[in-house]
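One structure below.
All of these numbers come straight from a predicted model, not from anything done at the bench. First the proteins, then the strands, lettered A, B, ... as listed; each starts at 1.
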Protein chains: 2
Amino acid sequence: MSTDVLETDTDGPADMAGPANAWTVAGLLADPLRRRLVELLSDGPACTCHLVTDTGAKQPTVSHHLRALREAGLVTAEPRGRFTYYRLVPEQLRAAAEHLLSLAERARANDDRSREC
Amino acid sequence: MSTDVLETDTDGPADMAGPANAWTVAGLLADPLRRRLVELLSDGPACTCHLVTDTGAKQPTVSHHLRALREAGLVTAEPRGRFTYYRLVPEQLRAAAEHLLSLAERARANDDRSREC
DNA sequence: AGCTGATATCAGTCAAGATTGATGTGATGG
DNA sequence: CCATCACATCAATCTTGACTGATATCAGCT
């Protein structure tokens with residue numbers, strides 16, 4: 001049998017909310033163009049044509065990166081007629097940020113615990 | 001006289017506190033081995049040999065990534081005899097995290113402001 | 001001084017991923 | 001119904017960066 005009949009509409013990120021996600025987000029934000037896309041989308045939802053214009057990158061390239069962001073659940077895609085509107089998912093960014101914060105906190109707490117050789 | 005007698009000992013990260021830093025941190029955390037190193041160092045300072053043992057990676061590889069982390073100011077190096085102790089700089093992680101948070105916040109605020117085509 | 005262990009650097013190799021042109025698909029307008 | 005626009009996918013190329021073996025450096029030990 002199969003329970004894989006999920007996410008059949010646009011695309012499903014499989015809802016990873018754990019700590020592993022923070023690393024995924026970091027990996028996505030490592031690329032300059034993807035950073036730019038995220039920044040642009042933080043000003044509000046926009047369709048592909050906007051993002052292509054604003055970034056100056058070719059359309060297939062933008063589509064490619066939007067797909068990566070979509071599959072990670074960092075953005076959602078909403079088809080409207082001929083256009084496809086992309087929208088940031090702040091919760092994902094927030095989760096990643098909080099994970100980094102907890103790591104920083106832990107590092108500060110263990111700052112004086114040097115391991116012996 | 002000169003006040004540039006800073007960072008002359010081990011290495012100086014140039015103290016980037018802006019949003020550029022967040023992207024740099026993201027880029028660094030994109031690599032699996034570097035994530036591991038950061039995680040290990042969050043448990044407290046350790047020398048290269050520890051990190052080599054714990055990660056299972058070759059020594060030059062670890063040194064290479066430690067250098068990247070060092071140059072970005074994410075870690076500091078403190079030579080002690082034959083060993084070199086590395087220490088996480090929580091402030092950098094924290095700064096990056098806060099930038100992501102502000103981005104998430106902005107995205108949430110502009111969530112209903114879709115751009116027209 | 002000579003030796004050994006701990007690290008850093010270098011040059012070469014190789015693989016992952018980014019970019020691009022071509023092409024397919026669905027929606028809109030005449 | 002045909003032409004066009006917005007977008008996604010594909011196959012190929014190309015660039016970036018990670019890994020490795022060899023080697024240099026420096027500290028401690030005998």
Side-chain angles (χ1 to χ4, degrees), chain A residues 7-12 23-38 40-41 45-72 74-87 114-117, chain B residues 7-12 23-38 40-41 45-72 74-87 114-117:
Chain A
E7 325 288 355
T8 331
D9 46 11
T10 343
D11 209 329
W23 301 140
T24 304
V25 171
L28 289 172
L29 263 42
D31 184 80
L33 182 50
R34 274 189 307 245
R35 293 176 215 172
R36 196 74 181 292
L37 290 173
V38 168
L40 287 172
L41 288 175
C47 66
T48 309
C49 59
H50 285 143
L51 301 171
V52 168
T53 303
D54 292 351
T55 61
K58 307 279 179 170
Q59 179 266 322
T61 302
V62 171
S63 250
H64 171 67
H65 288 294
L66 283 174
R67 177 200 183 112
L69 294 172
R70 204 191 332 148
E71 290 179 345
L74 243 185
V75 305
T76 56
E78 178 185 352
R80 278 204 177 186
R82 298 184 282 183
F83 307 103
T84 305
Y85 276 82
Y86 283 89
R87 182 186 305 264
S114 302
R115 284 165 68 180
E116 296 300 326
C117 278
Chain B
E7 323 288 355
T8 330
D9 47 9
T10 348
D11 211 330
W23 302 140
T24 303
V25 171
L28 289 171
L29 264 39
D31 184 80
L33 183 48
R34 276 191 303 247
R35 293 174 216 172
R36 195 71 187 294
L37 290 173
V38 167
L40 287 171
L41 288 175
C47 67
T48 309
C49 60
H50 285 143
L51 300 171
V52 168
T53 304
D54 293 351
T55 60
K58 307 279 179 166
Q59 179 266 321
T61 302
V62 172
S63 250
H64 170 67
H65 288 293
L66 283 174
R67 178 202 184 114
L69 294 172
R70 205 194 330 151
E71 289 179 345
L74 243 185
V75 306
T76 57
E78 177 185 353
R80 280 205 175 187
R82 299 183 283 182
F83 309 102
T84 304
Y85 276 83
Y86 282 89
R87 184 185 305 264
S114 303
R115 283 165 71 181
E116 296 302 325
C117 277

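- In terms of heavy-atom proximity, A:L33 sits nearest to A:D31 at N-OD2, 3.1 Å.
- Nucleotide C:dT7 holds its C1' atom 14 Å from the NE2 atom of B:H50, rounded to whole Å.
- Distances were taken from every side-chain heavy atom of A:R67 (C-beta onward) to each of D:dA8, C:dA18, D:dT9; the shortest belongs to D:dT9.
- With sequence neighbours excluded, no residue forms a salt bridge (charged side-chain N to carboxylate O under 4.0 Å, His left out) with B:R82.
- Heavy atoms of B:H65 sit under 4.0 angstrom from primed sugar atoms or phosphate atoms, though from no base atom.
- For C:dT20, the OP1/OP2 oxygens have a side-chain nitrogen or oxygen of A:T61 closer than 4.0 Å.
- For B:D31 and C:dG17, the CG to P distance is 11 Å, given to the nearest whole Å.
- Mapping B:G81 and A:V52 onto DNA chain D by nearest heavy atom places A:V52 at the nucleotide closer to the 5' end.
- Residue A:R80 is classed as having no contact, given no heavy-atom separation below 4.0 Å to the nucleic acid.
- Neither OP1 nor OP2 of C:dT7 sits under 4.0 Å from any side-chain N or O of B:R82.
- Closest-nucleotide positions on DNA chain C for B:H64 and A:G27 were compared, and the one nearer the 5' end corresponds to B:H64.
- In terms of heavy-atom proximity, A:L28 sits nearest to A:A72 at CD1-CB, 3.3 Å.
- No contact: B:Y85 has no heavy atom under 4.0 Å from any strand.
- Counting non-hydrogen atoms under 4.0 angstrom, A:T48 reaches the backbone sugars and phosphates but no base.
- A donor-acceptor contact under 3.5 Å is formed by the side chain of B:Q59 with the base of C:dA8.
- Residue A:S63 is classed as a base contact, given a heavy-atom separation below 4.0 Å to a base.
- The CG-P distance, from A:L33 to C:dG17, rounds to 16 Å in whole Å.
- Residue A:L66 is out of contact with every strand shown, counting any heavy-atom pair closer than 4.0 Å.
- Residue A:G27 comes nearest to A:R34 through the heavy atom pair O-NH2, 3.6 Å, listed as atom of the first residue, atom of the second, then distance.
- Within the nucleic acid shown, B:C117 has no heavy atom closer than 4.0 Å to any nucleic acid atom.
- For the residue pair B:Y85 and A:R115, the shortest heavy atom distance occurs at OH-O, 3.0 Å.
- Distances from the side chain of B:K58 to the nucleotides C:dT7, D:dG21, D:dA8 place D:dG21 closest.
- The side chain of A:R70 lies closest to D:dT9 when the candidates are C:dT7, D:dT9, D:dC7.
- The shortest distance between the side-chain N/O atoms of A:Y86 and the OP1/OP2 oxygens of D:dA8 is below 4.0 Å.
- The two atoms that bring B:A77 and B:T84 nearest to each other are CB-CG2, 4.0 Å, heavy atoms only.
- Following rounding to the nearest Å, B:L51 (CG) and C:dA6 (P) show an atom-to-atom distance of 14 Å.
- Side-chain proximity of B:F83 to the nucleotides C:dT7, C:dT19, D:dG21 is greatest for C:dT7.
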